[in-house]
Amino acid sequence: MKDFFKGVRRHIGKLDADHLRTEYARLADEAVSLDTLFMTIAQGIIVLDENGEIVKSNPAAHDLLGMDPADALGSLAVPLGKASKREMDVTYPEKRALEVQTVPMDSGTLVYLRDITSERERTEEELRAGATRAVRDLAAGVAHEIGNPLNALSLNLQLLKRSHADDPEIEECIRQVDRLGNILKGFLQALRPSKPNLAPGYVAEPVKGCLALMKQQLEQRSISVTLDLHGAIPPVAIDKEQMEQVFFNLVKNAMEAIRDGGAIDIDISSDDNDVIVRLADDGLGMEPEQVAHLFEPYRTTKSHGTGLGLMITARIVRDHGGDIAVESRPGEGTTFTIRLPRLERRIRALN
Ligand code: ADP
Ligand code: MG
């Protein structure tokens with residue numbers, strides 16, 4: 001349709017009345033069929049103008065949200081003019097998982113809503129059934145067995161490093177052993193996700209833990225990291241180890257997306273319901289198509305990537321009762337936002 005308009009604009013001087021009438025009729029037909037599609041499609045569509053006001057929305061958007069889209073806009077918190085993707089759980093009129101995607105347009109933003117309740121169940125089911133139980137246990141067993149000698153290697157390498165400070169070959173061995181360790185960890189987690197061991201705590205702790213763990217790598221690449229805490233951040237129910245894994249995955253991805261000398265900004269705040277962690281990098285960013293498939297397993301753009309990091313990350317966040325969202329623009333950077341329900345809200349919800 002865009003091309004059609006461009007064509008008409010280019011040739012409008014040459015088009016005679018008859019010609020224009022035919023083109024107009026064709027366009028009118030197309031508009032009617034697009035409108036029918038818009039009104040009947042199962043996916044929810046909301047069109048926003050540059051100021052974020054609703055231009056139009058379809059009945060499916062209303063059904064999926066369980067309310068007038070205008071009343072839901074606040075909690076959808078869609079970023080304007082950016083590609084983004086987010087999964088959220090809605091409880092009304094029934095408990096379902098929704099995918100919210102935005103696509104930037106010339107004169108506004110398109111919001112696209114999809115019910116992914118059964119798809120999510122299916123993906124997890126497929127992943128579980130992907131290997132038969134026996135093969136899976138065998139693989140997990142082998143992976144576990146590799147873990148022990150790997151730990152020993154790592155320890156010995158650290159000792160060697162002390163007596164041979166700055167030996168580049170030892171440094172390289174340490175890096176490779178670390179990499180193997182990470183692959184193993186990801187593999188084991190993907191095979192056997194463990195439910196989080198939730199206890200009251202502060203989300204800043206695993207963030208700081210992860211940054212301490214990665215300090216050396218970040219310094220080596222002159223990547224600056226800021227951590228801002230806005231006011232007194234209330235506690236959440238948290239499995240510190242798993243949450244550390246979440247931030248490790250996100251910071252690692254950010255590091256891999258930015259050039260030396262880039263920046264990672266982490267910001268922790270809270271509202272009436274949630275504690276909110278935003279992690280922004282000024283790296284490569286992603287195309288809207290890439291954002292659309294994020295959090296799906298085995299989607300990697302890296303030659304050494306596993307494409308499991310974000311899937312595991314999203315699962316851990318969900319197991320904490322929270323949600324994770326991403327916004328990105330190619331060439332500008334990427335921001336991940338994690339929301340975890342405030343502890344007192346969770347306790348209220350359980351009573
Ligand atoms: P892996 O890092 O092994 O590729 P992930 O699940 O962690 O797997 O990430 C999947 C893909 O998402 C990456 O390959 C990359 O293309 C993209 N990605 C993730 N985080 C970022 C980011 N901060 N900036 C740009 N691209 C990212
Ligand atoms: Mg990764």
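The analysis underlying the following values was restricted to heavy atoms, covering all of them including side chains, and did not include hydrogens, waters or symmetry mates. Counting from 1, the numbers follow the sequence of the chain as shown. Ligands are counted one by one from 1 in listed order, and the atoms in each one are counted from 1 as well. Fair warning: this is a prediction, and the values are worked out from it, not measured in the lab.
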Is the shortest side-chain heavy-atom distance between [X] and [Y] below 4.5 Å?
X	Y	answer
L213	F247	no
R299	L294	no
L65	L76	yes
L110	I45	yes

Please state which protein non-hydrogen atom is closest to [atom] and give its distance, to 0.1 Å?
atom	answer
atom 2 (O) of ligand 1	K302 NZ, 2.7 Å
atom 4 (O) of ligand 1	T300 OG1, 2.5 Å
atom 18 (N) of ligand 1	M286 SD, 3.9 Å

Worksheet item: Which ligand 1 atoms, with their elements, are less than 4.0 angstrom from a heavy-atom of A257?
Response: 22 (C), 24 (N), 25 (C)
Worksheet entry | Subset of ligand 1 atoms that lie under 4.0 Å from at least one heavy atom of R299 |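 In order of number, 10 (C), 11 (C).
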Worksheet item: Can an N or O of F336 be found at a distance shorter than 3.5 Å from an N or O of ligand 1?
Response: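 For ligand 1, there is no N or O atom that lies under 3.5 Å from one belonging to F336.
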Discussion item. Which option wins on minimum heavy-atom distance to atom 14 (O) of ligand 1: L294, T313, L279, T301?
Written reply: T301
Discussion item. Could you tell me if K85 sits above the aromatic ring of F295, with its cationic atom closer than 6.0 Å to the ring centre and no more than 45 degrees from the axis?
Written reply: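 Cation-pi check for K85 and F295: fails.
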Item to complete: Identify whether the distance between the nearest side-chain nitrogen and carboxylate oxygen of D18 and R21 falls below 4.0 Å.
Response: yes
Worksheet item: Between Q176 and E172, is any side-chain donor less than 3.5 angstrom from a side-chain acceptor?
Response: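 There is such a pair (donor and acceptor under 3.5 Å, judged by atom type) between the side chains of Q176 and E172.
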Between ligand 1 and [X], can you find any atom pair, the residue atom being a heavy atom, that is separated by under 4.0 Å?
X	answer
G283	no
L284	no
Q290	yes

Practice prompt. Would you kindly specify which portion of L310 sits under 4.0 Å from ligand 1, judged on non-hydrogen atoms: side chain, backbone, both or neither?
Written response: both
Worksheet entry | Any N, O or S atom of N253 closer than 2.8 Å to the Mg ion (ligand 2) |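 It does; at least one qualifying atom falls short of 2.8 Å.
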